[in-house]
Amino acid sequence: MLLLKPIRLRTRQISQYASAASQELSAPKAVSTTPPKGLNFYISTLQTRASVDQLHKLHAEILKTHFSRNIFLLTRLAHAYLKFGCLNIGERFVVSIIKNPPLFLWNERIKCYARKGRYRESIDLYYEMVRSGYKPNAFTFTFVLPACAGLKSVKDCRRVHTDVLWFGCEYNEFVITALIDVYGKCGDLSSARQLFDEMPVKKTASCNALMAAFVLDEKFDDALSLFNEMKKLGIPSDTITMVRVLQSCASLGALQQGRWVHEQIIRTQMVVNVQLGSALINMYARCGSIEEAHHVFEEMPKKDLIAWTSIICGYGMHGLAHLSESLFLRMVSHGLRPDAITFVGVLSGFSHNGMVEKGWYYFKKMSDEFNVKPVLEHYSCMVDMLGRAGRLNEAENLLKHITVKPDSMIWGGLLTACKIHKNVEMAERVVSKILELDPTNAGWHVLMSNIYATCGKWDQVAKMWGKIKDLKLEKQPGWSSIEVTGQIHTFLVFDQSHLMSKEIYSYLKYVKERMKVEGYVPETSVVFEKVDEETKEEMVFCHSERLAIAFGILSTLDGDVLRVMKNLRVCVDCHNVIKFISGIECREIIVRDAKRFHCFKDGVCSCGDYW
DNA sequence: CTAGGGTTAG
């Protein structure tokens with residue numbers, strides 16, 4: 001109690017000085033006649049400086065007074081510089097003048113390093129501080145923990161976490177939220193969840209942090225249940241919550257839920273800022289409704305680079321490369337500078353449409369005109385584009401001459417092209433490169449064995465599968481999902497676990513018979529195992545996308561659009577069957593595969609059978 | 001004298 005009084009007195013004193021100072025500033029002539037300024041004047045003026053420039057001027061003024069060696073004032077000055085992000089100047093003060101900085105200055109330094117992305121230095125400074133005998137407080141932890149997140153360092157995170165307990169900050173909600181965030185970003189979801197569960201009072205920010213952890217770990221269902229839980233508990237959602245929820249809907253392909261969230265945003269008159277707008281565009285695009293994505297885009301009052309990039313990528317994914325290009329040109333005419341990601345969107349769009357010349361043109365334009373240096377992803381688009389178009393030698397040549405080190409994915413694009421164009425010789429060359437870089441991924445072995453199978457080299461196929469078995473590699477199973485009345489249903493290959501399994505299989509049988517009447521022969525070349533023709537038919541018959549679509553047809557109304565998601569690429573036979581179903585059922589069927597969208601309507605697909 | 005969670009591709 002006794003301590004409070006002088007502090008109150010001092011605050012009043014400072015504000016008196018401050019108002020005197022502002023009067024002084026509005027009457028410039030009076031400067032020479034005013035009495036010398038006191039310490040309090042400088043301290044309060046320091047807090048009101050709006051720019052580094054103003055701070056420099058005040059600094060110069062202080063150096064001319066007898067306060068030039070006043071540690072208290074210089075500490076505040078260093079603090080003010082650090083608040084503006086002037087790390088070098090701030091640090092110079094600490095090194096040369098302020099030998100024993102007070103806690104708040106340590107905190108500000110740790111924060112400054114962390115915000116500049118110099119995470120290691122931020123964390124090391126924290127350790128140095130503790131070693132020097134300072135007691136960190138809750139502020140310290142909320143500054144150093146994001147640095148641990150930046151490095152994704154669980155080791156540092158745990159060490160700091162023990163300090164949180166040791167110094168008694170484990171009940172501070174800011175600290176807990178920061179801890180949830182770091183554990184989430186480091187991939188330790190269970191620690192994040194445990195901290196969250198033990199929180200007595202949960203708030204919006206802590207929910208958002210856990211939701212981010214779910215999304216990062218691809219636990220989208222959990223993210224959505226947490227969102228529902230928030231509503232039940234009466235915890236308000238904000239734009240950050242909505243961004244996370246929309247990301248989850250986008251990943252799940254849950255269009256109906258996404259639409260519902262959009263309605264909520266409109267109903268609650270939430271401000272649609274660029275982040276939320278981009279998240280909406282992305283959700284609609286990735287859920288197969290490019291029209292709605294475009295609508296959101298046009299309605300956004302302010303569009304930044306990311307909003308433009310989102311819609312450009314959206315059109316690219318949907319195989320509408322000409323629209324993607326015209327939006328790109330519109331963006332440039334609005335004076336925005338495209339970045340590396342914008343070009344990935346544009347180039348991948350051309351790649352899906354086989355527009356090789358346009359692709360090359362933009363690839364050159366990128367560095368010549370926009371000063372964007374090509375990185376691995378751009379080369380990857382070009383290799384896919386050339387390879388898919390059958391220009392395998394050009395693709396291989398490009399890969400040999402790039403300045404960056406190719407990864408297994410980019411070689412993988414070429415390997416896929418080798419499969420499409422049945423070039424075993426190049427494939428063998430390519431796969432050896434891939435296996436040097438990524439020897440334990442079963443996917444490459446499978447792909448290579450499939451290439452051997454297309455050419456009838458069954459002894460080699462057997463050899464590849466032998467390797468998979470010897471190395472105990474696991475093949476990624478194919479799955480597809482579909483949203484029906486807001487519920488996501490997931491199917492695996494051969495899946496018979498669904499409640500409507502019987503109906504699904506008999507529907508598919510019916511489709512097959514109708515197709516056979518019209519002269520359809522199952523495209524069994526996609527089955528790469530040496531089994532008889534009948535078994536092969538059975539195997540493609542049970543592909544997951546087919547099960548999902550059959551279920552969709554059986555459980556929705558005539559004319560409803562079906563939207564299906566698949567983790568791998570669609571096989572040729574399924575592509576034929578889906579085209580047929582879209583014709584006989586008069587349905588629009590939109591399938592999102594690992595790379596792009598296929599929109600089936602009236603017996604044809606938007607990809608023009610090029611994928 | 002300082003606080004936590006956010007947008008785009010592959």
Side-chain angles (χ1 to χ4, degrees), chain A residues 7 43 46-47 75-76 78-80 82-83 101-112 114-115 137-146 149 169 172-182 184-185 192 196 199 202-213 215-216 237-247 250 272-283 285-286 297 300 303-314 316-317 338-349 351 375-381 383-384 407-410 412-413 594-596:
Chain A
I7 292 171
I43 290 169
L46 265 178
Q47 288 159 29
T75 305
R76 295 301 179 89
H79 184 231
L82 288 170
K83 273 210 285 198
L103 183 62
F104 75 85
L105 197 58
W106 281 97
N107 287 352
E108 200 67 42
R109 291 165 72 200
I110 292 166
K111 175 175 116 186
C112 212
R115 299 252 157 114
N137 61 11
F139 288 98
T140 322
F141 293 122
T142 54
F143 299 143
V144 73
L145 285 169
C169 291
N172 180 295
E173 57 170 294
F174 290 89
V175 176
I176 302 169
T177 303
L179 277 169
I180 294 171
D181 185 52
V182 198
K185 287 196 174 123
F196 180 82
M199 270 184 106
K202 295 158 177 75
K203 296 229 174 114
T204 308
S206 42
C207 293
N208 291 348
L210 185 63
M211 227 185 263
V215 171
L216 207 68
S237 306
D238 61 9
T239 53
I240 299 173
T241 319
M242 293 313 196
V243 167
R244 289 289 175 229
V245 173
L246 289 168
Q247 279 180 330
V272 178
N273 57 15
V274 282
Q275 288 104 323
L276 188 51
S278 303
L280 278 165
I281 293 169
N282 188 243
M283 182 277 292
R286 304 218 326 156
F297 174 74
M300 278 173 79
K303 305 166 173 71
D304 69 346
L305 178 65
I306 294 177
W308 282 96
T309 303
S310 305
I311 190 73
I312 288 170
C313 293
M317 276 194 294
D339 69 357
I341 300 174
T342 319
F343 278 104
V344 172
V346 173
L347 293 175
S348 67
S351 154
V375 293
L376 213 54
E377 284 77 4
H378 301 115
Y379 289 116
S380 186
C381 288
V383 168
D384 282 351
D407 63 355
S408 59
M409 292 305 289
I410 191 164
K595 285 233 160 160
R596 59 164 293 164

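Per chain, numbering begins at 1; letters A, B, ... match sequence-line order. Values below: all heavy atoms of this structure, side chains included; hydrogens, waters and symmetry mates excluded.
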Interatomic distance, A/Met283 CE vs B/dT8 P [rounded to whole Å]: 13 Å
Whole-Å distance separating the CD1 atom of A/Ile110 from the C1' atom of B/dG4: 16 Å
Listed partners of A/Phe343 passing ring-ring contact (aromatic ring centres under 6.0 Å, His included), at least two apart: A/Phe328, A/Phe370
Atom-pair distance (CD1 on A/Ile176; C1' on B/dA3), nearest Å: 13 Å
Short side-chain N/O contact to B/dT7 OP1/OP2 from A/Gln247, under 4.0 Å: yes
Side chain proximity check, A/Met300 to A/Ile281, heavy atoms < 4.5 angstrom: yes
Value in whole Å for how far the P atom of B/dA3 lies from CG of A/Leu145: 15 Å
Sugar-phosphate, base or nothing in reach of A/Ser380, heavy atoms under 4.0 Å: nothing
A/Arg286 CZ to B/dT8 P, straight-line distance once rounded to whole Å: 9 Å
Ring-base stacking, A/Phe139 with B/dT2 (5.5 Å, 30° cut-offs): yes
Base B/dG6 to side chain A/Asn273, donor-acceptor N/O within 3.5 Å cut-off: yes
Partner set under ring-ring contact (aromatic ring centres under 6.0 Å, His included) for A/Trp308, not counting sequence neighbours: A/Phe297, A/His334
Sugar-phosphate, base or nothing in reach of A/Thr140, heavy atoms under 4.0 Å: nothing
Phosphate-side-chain proximity, A/Lys83 and B/dC1, N/O vs OP1/OP2 below 4.0 Å: no
A/Asn137 CG - B/dA3 C1' separation (whole Å): 10 Å
Side-chain donor-acceptor pair present, A/Asn137, A/Asn107, cut-off under 3.5 Å: yes
Side-chain-base donor-acceptor pair under 3.5 Å for A/Thr239 and B/dG6: yes
Sugar-phosphate only, base, or nothing, as touched by A/Phe143 at under 4.0 Å among non-hydrogen atoms: base
A/Arg244 vs B/dG5: side-chain N/O to OP1/OP2 distance below 4.0 Å: no
Rounded distance (Å) that lies between atom P of B/dA9 and atom CG of A/Asp384: 16 Å
Short side-chain N/O contact from A/Asn282 to OP1 or OP2 of B/dA9, under 4.0 Å: yes
Sugar-phosphate only, base, or nothing, as touched by A/Asn107 at under 4.0 Å among non-hydrogen atoms: base
Distance-only donor-acceptor test, A/Asp238 side-chain atoms vs B/dG5 base atoms, 3.5 Å: yes
Nearest-angstrom distance from the residue atom CG of A/Leu246 to C1' of B/dT7: 11 Å
Pair A/Asp238-A/Asn208, side chain to side chain contact (heavy atoms under 4.5 Å, CB included): steps then yes or no: CA-CA 9 Å; A/Asp238 61 9; A/Asn208 291 348; 3.2 Å; yes
side-chain N/O A/Ser348 vs B/dG10 OP1/OP2, d < 4.0 Å: yes
Proximal nucleotide (of B/dC1, B/dT8, B/dG5) relative to the A/Ile306 side chain: B/dT8
Candidate nucleotides B/dT7, B/dC1, B/dA9, ranked by approach to the side chain of A/Arg76 - the nearest: B/dC1
Short side-chain N/O contact to B/dG6 OP1/OP2 from A/Lys185, under 4.0 Å: yes
A/Phe174 aromatic ring stacked with six-membered ring of B/dA3, 5.5 Å and 30°: yes
Sugar-phosphate, base or nothing in reach of A/Arg115, heavy atoms under 4.0 Å: sugar-phosphate
More than 12 heavy atoms of other groups within 6.0 Å of A/Met199 CE: yes
